[in-house]
There are 2 protein chains.
Amino acid sequence: MSAFIVIVEDEEDILELIEYNLEKEGFDTMGFTSTKNVAQLLEEESVDLLIMDRNLPGVEGSEFVAQMRGIGVDTPVIYLSAKNKESDIEEGFDRGGDDYMTKPFNMKELVLRIKAILKRTKKDKTEGKVIYRDITLDLGSRELSIEGNNIELTKLEFDLLHTLISNQNIVLDRDYLLEHVWGGDAIYQDRTVNVAINRLKEKIDPDKSKEYIKTVRGVGYTLC
Amino acid sequence: MSAFIVIVEDEEDILELIEYNLEKEGFDTMGFTSTKNVAQLLEEESVDLLIMDRNLPGVEGSEFVAQMRGIGVDTPVIYLSAKNKESDIEEGFDRGGDDYMTKPFNMKELVLRIKAILKRTKKDKTEGKVIYRDITLDLGSRELSIEGNNIELTKLEFDLLHTLISNQNIVLDRDYLLEHVWGGDAIYQDRTVNVAINRLKEKIDPDKSKEYIKTVRGVGYTLC
DNA sequence: AGTCTCTGTAACCGTTCTGTTACATAGGCT
DNA sequence: AGCCTATGTAACAGAACGGTTACAGAGACT
């Protein structure tokens, strides 16, 4: 789950410090020392989060964000500010910002807040059940039942089966599975998928009579 | 008979004055200067009374209450208003409010009205009980009984169990629990959930024979 | 102020999971 | 059949995860 984060901060060393720490956490970052060029970026690229200094020379950070909101950019924002007066905090929130931190701030806290915001904005928790032949996958309780019998799955196995069932009749290649089940950023060997699939096969069909998961040689796997 | 009263009033000194006086009377209070966060609170917590300024900047207090009624929140309300025009009073009542006071008001009178309303609503407060297996959670008295035996829970433990029971058969991840039990804005480590869950487990099932709370590795916890 | 309870944090440890590797097997092609 | 490549299988080790405990700070109560 790599996110693209844009940081606007005029003090270069702080900017670098933030970028360094966020990249260490696996985020993609782009830093600016002024709002110049940032507007265009926000409009054209899919930016997941904006970290914005309130006290930029020239433009007020919150003013800038307000303008962005005006043209339909709804990227969530974390404001940074040297001040911590109550009035400032309220103003920041009123203008549609999502979070607020005062300098000097704890880098750990910043990362936590970032993760919280990303999670919140990306939440489209679809709950319900997915069914395929005699397999039922309960997305709420994360339970698998086959012919009425419950089978324990690990998180990885569950997610993998979920992806397969959601795309039944479509052959999914290893890259697709790696990206969707494992998460885009990490790098794995391709045998990883292989082994995981076979562990899953073993669990849902120990005596290999059902052939739920079909191997498509040279391509990937499918449920059909 | 301690009641939980939420106050929404944008003038900070008045807010503080009210809180001070109500707490002196033994009420639990929570004050807000805007309706932000209040909706969530009303939905999720058992709020006994809402004191609501009619003249908030932005949202109309009575409009806000109407929305709350729309989603099933039936917390009684006392409106505060600087105006005392007849039309306003009527409108206030029409929208389902329970009482109405005009500023400036007498604090003694406010307390009396509060007590009157609480008395009235307490009676028909068939506060629900939540039941799961042999666990009964009395939301009114905030008591837990298991197989008929009362067990003391702290506030945190109670809220946590309440959330779990209300979502039984659904695996709740740590972020969800942090947001709903601890409250959205604060930042905690997720091991916090871990420890809290285990303290709760210890209390409700000391000899680990019942397995009420199930750990779903890599995801969260569930009652199933 | 002092005590007690509650609760967040950190550290440690055992368990489970999972990525990797090496090897075996199967499928497809000439 | 023989070869080559892709996939299945088994074993292992490191990583991730959660349980547990200890501790300290916050808050309530005396």
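Every heavy atom of this structure was used, including side-chain atoms; hydrogens, water molecules and symmetry mates were not.
For B:Lys201, a side-chain nitrogen or oxygen approaches OP1 or OP2 of D:dG19 to under 4.0 Å. Note on A:Asn194: every side-chain N or O is 4.0 Å or more away from OP1 and OP2 of D:dT7. Phosphate proximity of D:dG8 to A:Thr215: present, with a side-chain N or O under 4.0 Å from OP1 or OP2. For C:dG19, the OP1/OP2 oxygens have a side-chain nitrogen or oxygen of A:Trp182 closer than 4.0 Å. Checking the phosphate oxygens (OP1, OP2) of C:dC17, no side-chain nitrogen or oxygen of A:Thr154 falls inside 4.0 Å. Between B:Lys155 and D:dA28 there is no side-chain N or O to OP1 or OP2 distance below 4.0 Å.
For a distance-only test at 3.5 Å, the side chain of B:Arg199 fails to qualify as a donor-acceptor partner of the base of D:dG19. Counting atom types as modelled, A:Arg191 pairs no side-chain N or O with a base atom of C:dT21 as donor and acceptor under 3.5 Å.
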Evaluation steps, salt bridge (Lys or Arg N to Asp or Glu O under 4.0 Å), between B:Lys210 and B:Glu147: CA-CA 12 Å; B:Lys210 307 287 196 57; B:Glu147 295 175 317; 3.7 Å; yes
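Computed from coordinates, the B:Asp173 CG to D:dC17 P distance equals 13 Å when rounded to whole Å. Rounded to an integer number of Å, the gap from B:Ile197 CD1 to C:dG8 C1' is 15 Å. The distance from atom OH of B:Tyr188 to atom P of D:dA26 is 13 Å, rounded to the nearest whole Å.
Within the 4.0 angstrom heavy-atom criterion, no nucleotide atom of any strand lies near A:Val193.
With A:Glu157 as the partner, the salt bridge (charged side-chain N to carboxylate O under 4.0 Å, His left out) test is satisfied by one option alone out of A:Lys203, A:Arg142, A:Lys201: A:Lys203. For the pairing with B:Thr33, the side-chain contact (heavy atoms from CB on, under 4.5 Å) check across B:Asp53, B:Leu15, B:Ile7 returns one residue only, B:Leu15.
The 5' end of DNA chain C is approached more closely, in terms of each residue's nearest nucleotide, by A:Val195 than by the other of A:Val195 and A:Arg217.
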